[in-house]
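Inspection log for the structure reproduced underneath, given as structure tokens.
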Amino acid sequence: MSFPLLTATAALPALGAIATAAVPAARRTAAKWLALLVSLATLALAAIILVRFDPGGDRYQLTESRAWIKDFGVRYELGVDGIAVALIALTALLIPFVILAGWHDADPLETGNTRWRPTQGFFALILAVEAMVIISFEATDVFLFYIFFEAMLIPMYFLIGGFGDRAHEHGEETASTQRSYAAVKFLLYNLVGGLIMLAAVIGLYVVAGNFSLTEIAAARANGSLDMATNTERWLFLGFFFAFAVKAPLWPLHTWLPNAMGEATTPVAVLITAVVDKVGTFAMLRFCLQLFPEASKWATPVILVLALVSIIYGALLAVGQRDIKRLVAYASISHFGFIILGIFAMTSQGQSGATLYMVNHGISTAALMLVAGFLISRRGSRLIADYGGVQKVAPVLAGTFLIGGLATLSLPGLAPFVSEFLVLVGTFARYPVVGIIATFGIVLAALYTLVLYQRTMTGPVKAEVAKMPDLRMRELVVVTPLIVLLIFLGVYPKPLTDIVNPAVKQTMSDVHKKDPKPEVEAAK
């Protein structure tokens with residue numbers, strides 16, 4: 001039996017979470033280093049997956065399959081395609097930076113009386129989320145995927161509700177109440193989506209007789225499993241609803257600004273750059289592959305919802321006073337682009353959507369983490385409390401600018417490639433939708449540049465006059481992300497080579513071909 005590489009990549013952070021939580025309370029620093037070392041080891045395993053994966057080989061590689069619950073046809077089945085490999089690499093890459101950025105976020109907190117925050121628990125929960133996200137990308141058994149899709153809500157709930165942002169404009173009591181509200185809202189929205197999906201998972205088993213993604217998809221392709229039209233549509237809606245909540249797609253998005261605003265900055269990055277990607281990934285892997293006809297049936301409505309997300313999220317970002325909530329609404333707009341690319345049903349659109357998942361994760365992590373370093377220095381999330389930062393902390397301002405320019409998809413930075421492909425792919429089949437979506441780019445330039453102008457330029461405010469520049473730990477966090485944004489913006493081929501074969505197979509699942517360009521005959 002070959003080494004179970006996929007299992008090891010998910011199991012390592014899970015075991016690391018247990019070990020980190022077990023570190024004695026007085027050894028907080030040891031717990032931090034243990035969590036960091038485990039995350040780096042997981043990154044090494046993800047790199048091995050990346051190297052061993054053959055883009056020209058079978059659709060699902062490094063597969064593992066074992067009996068689990070025989071009476072119900074549930075198996076422990078894992079496998080990765082190019083899309084999953086790219087997202088596993090993104091997850092494993094970001095977690096060490098999340099841990100480093102949050103190095104002091106769970107240290108003892110004093111508010112009149114000393115209140116100890118469980119440092120070990122904070123880092124253990126981050127590793128637990130990593131484990132569950134990775135196995136969600138690997139699972140090819142629908143029931144196995146569902147378990148971890150839902151289970152990741154538990155550690156995320158405690159990370160949001162138990163470790164809130166210290167830079168709060170109100171008192172600690174009010175901040176605690178708002179954190180609890182944000183955590184409960186996050187949990188309820190996602191639980192409702194998960195319960196609807198559970199009904200659809202059970203319905204799929206009744207129709208197909210098993211939970212194996214590969215077997216069901218093969219049966220759909222060769223005609224041996226013929227779902228009634230209404231049955232397929234209802235099952236699709238059950239799956240899509242849960243994924244749209246996680247994504248988050250308008251109007252199911254309202255939990256995100258609360259969660260990102262009240263969570264610590266590293267946890268906010270974990271939410272939007274890692275956890276939310278499971279929703280858009282699952283649309284590609286499960287919705288299109290299991291329910292191809294229903295996916296095409298629902299496409300017009302989904303494209304409209306994606307357009308609303310793009311414009312609505314960007315407009316609300318323009319009007320935000322809170323830095324973190326601005327990034328949250330910008331992410332809603334960006335997820336609209338991702339979903340637009342998926343359901344444009346073109347190879348360019350779906351390649352762009354997959355690249356967007358990766359590039360958005362890197363760019364949002366860079367912008368949000370630098371914003372977090374800025375907020376920790378001033379003790380405020382309000383944009384109006386800043387001004388002239390670039391004169392006292394030029395490196396901080398410079399990295400903030402690059403992260404912001406990546407967010408607005410400036411040519412030469414990684415998100416530009418993905419956004420361009422999404423728009424080209426959408427315009428090829430739905431030109432009106434593609435034209436409307438481009439207004440999101442204009443709004444992105446507006447909210448990003450206004451944010452930079454109000455915080456970094458102008459007269460130096462007294463409260464920021466002595467603000468220190470980025471420290472070594474913070475530079476270690478930000479510099480690799482900036483380098484990646486530039487590298488993948490100039491040379492995206494390593495990513496596209498991995499992703500494109502998987503996208504072609506997905507296009508084949510829904511029996512779609514790219515529209516041929518209309519060329520007028522020469523007169």
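The shown structure was predicted, so the numbers you read here are calculated from the model rather than taken from an experiment.
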**Report entry** Close side-chain approach of Val245 and Trp255, heavy atoms under 4.5 Å
**Finding:** yes

Query - Distance, nearest 0.5 Å, that separates CG of Leu413 from OG1 of Thr407 - result: 9.5 Å

Query - Mutual orientation of the aromatic rings belonging to His334 and His360 [parallel < 30°, tilted 30-60°, perpendicular > 60°] - result: perpendicular

Report task. Report the C-alpha distance between Tyr312 and His253 in whole Å, list the side-chain angles of each, state the deciding distance to 0.1 Å, and finish with yes or no for ring-ring contact (aromatic ring centres under 6.0 Å, His included). Result -> CA-CA 11 Å; Tyr312 171 86; His253 67 284; 5.1 Å; yes

Query - pair Leu36-Ser39: side-chain heavy atoms closer than 4.5 Å - result: yes

Query raised in the report: More than 12 foreign heavy atoms under 6.0 Å from CZ of Phe158: is that the case here?
Result: no

**Report entry** Pairs where residues 361-420 contributes a residue and the test ring-ring contact (aromatic ring centres under 6.0 Å, His included) is met, not counting sequence neighbours
**Finding:** Phe416-Phe420

Query - side-chain contact (heavy atoms from CB on, under 4.5 Å) between Phe145 and Glu138, worked out - result: CA-CA 8 Å; Phe145 169 83; Glu138 296 173 346; over 6 Å; no

Requested in this report: For residues Val318 and Val450, determine if any side-chain heavy atom of one lies less than 4.5 Å from a side-chain heavy atom of the other.
Outcome: no

Query raised in the report: Between Val38 and Glu130, is any pair of side-chain heavy atoms under 4.5 Å apart?
Result: no

Query raised in the report: Should we say atom CZ of Arg473 is surrounded by more than 12 heavy atoms from elsewhere, each under 6.0 Å from it?
Result: yes

Query raised in the report: Does a side-chain heavy-atom distance below 4.5 Å link Phe53 with Leu62?
Result: no

Report task. List the steps, then state whether side-chain contact (heavy atoms from CB on, under 4.5 Å) holds for Ile436 with Ile310. Result -> CA-CA 9 Å; Ile436 297 173; Ile310 291 169; over 6 Å; no

Report task. For ring-ring contact (aromatic ring centres under 6.0 Å, His included), just list the numbers for Tyr157 and Phe186, CA-CA rounded to whole Å, side-chain angles, deciding distance to a tenth of an Å, and then say yes or no. Result -> CA-CA 7 Å; Tyr157 169 81; Phe186 162 82; 8.0 Å; no

**Report entry** Donor-acceptor side-chain pairing of Tyr189 and Thr254 below 3.5 angstrom
**Finding:** yes

**Report entry** Residues Glu262, Arg381; criterion salt bridge (charged side-chain N to carboxylate O under 4.0 Å, His left out); working and verdict
**Finding:** CA-CA 10 Å; Glu262 299 306 322; Arg381 305 189 326 229; 3.8 Å; yes

Query raised in the report: Counting distance only, does the side-chain N/O of Asp469 pair as donor-acceptor with the main-chain N or O of Leu396 below 3.5 Å?
Result: yes

Query raised in the report: Atom CG of Leu6 and atom CD1 of Ile134: how far apart are they, to the nearest 0.5 Å?
Result: 10.0 Å

Query raised in the report: Taking the side chain as C-beta and beyond, is there a heavy-atom pair between Ile95 and Leu270 under 4.5 Å?
Result: yes

Report task. Using only heavy-atom distances, determine whether the side chains of Gln320 and Tyr329 contain a donor-acceptor pair under 3.5 Å. Result -> no

Report task. Please check if any side-chain donor atom of Thr272 sits under 3.5 Å from a side-chain acceptor atom of Ser331, or the reverse. Result -> yes

Query raised in the report: Are more than 12 heavy atoms from other residues, nucleotides or ligands located less than 6.0 Å from atom CH2 of Trp103?
Result: yes

Query raised in the report: When rounded to the nearest 0.5 angstrom, what distance separates CZ in Phe281 from CZ in Arg285?
Result: 3.5 Å

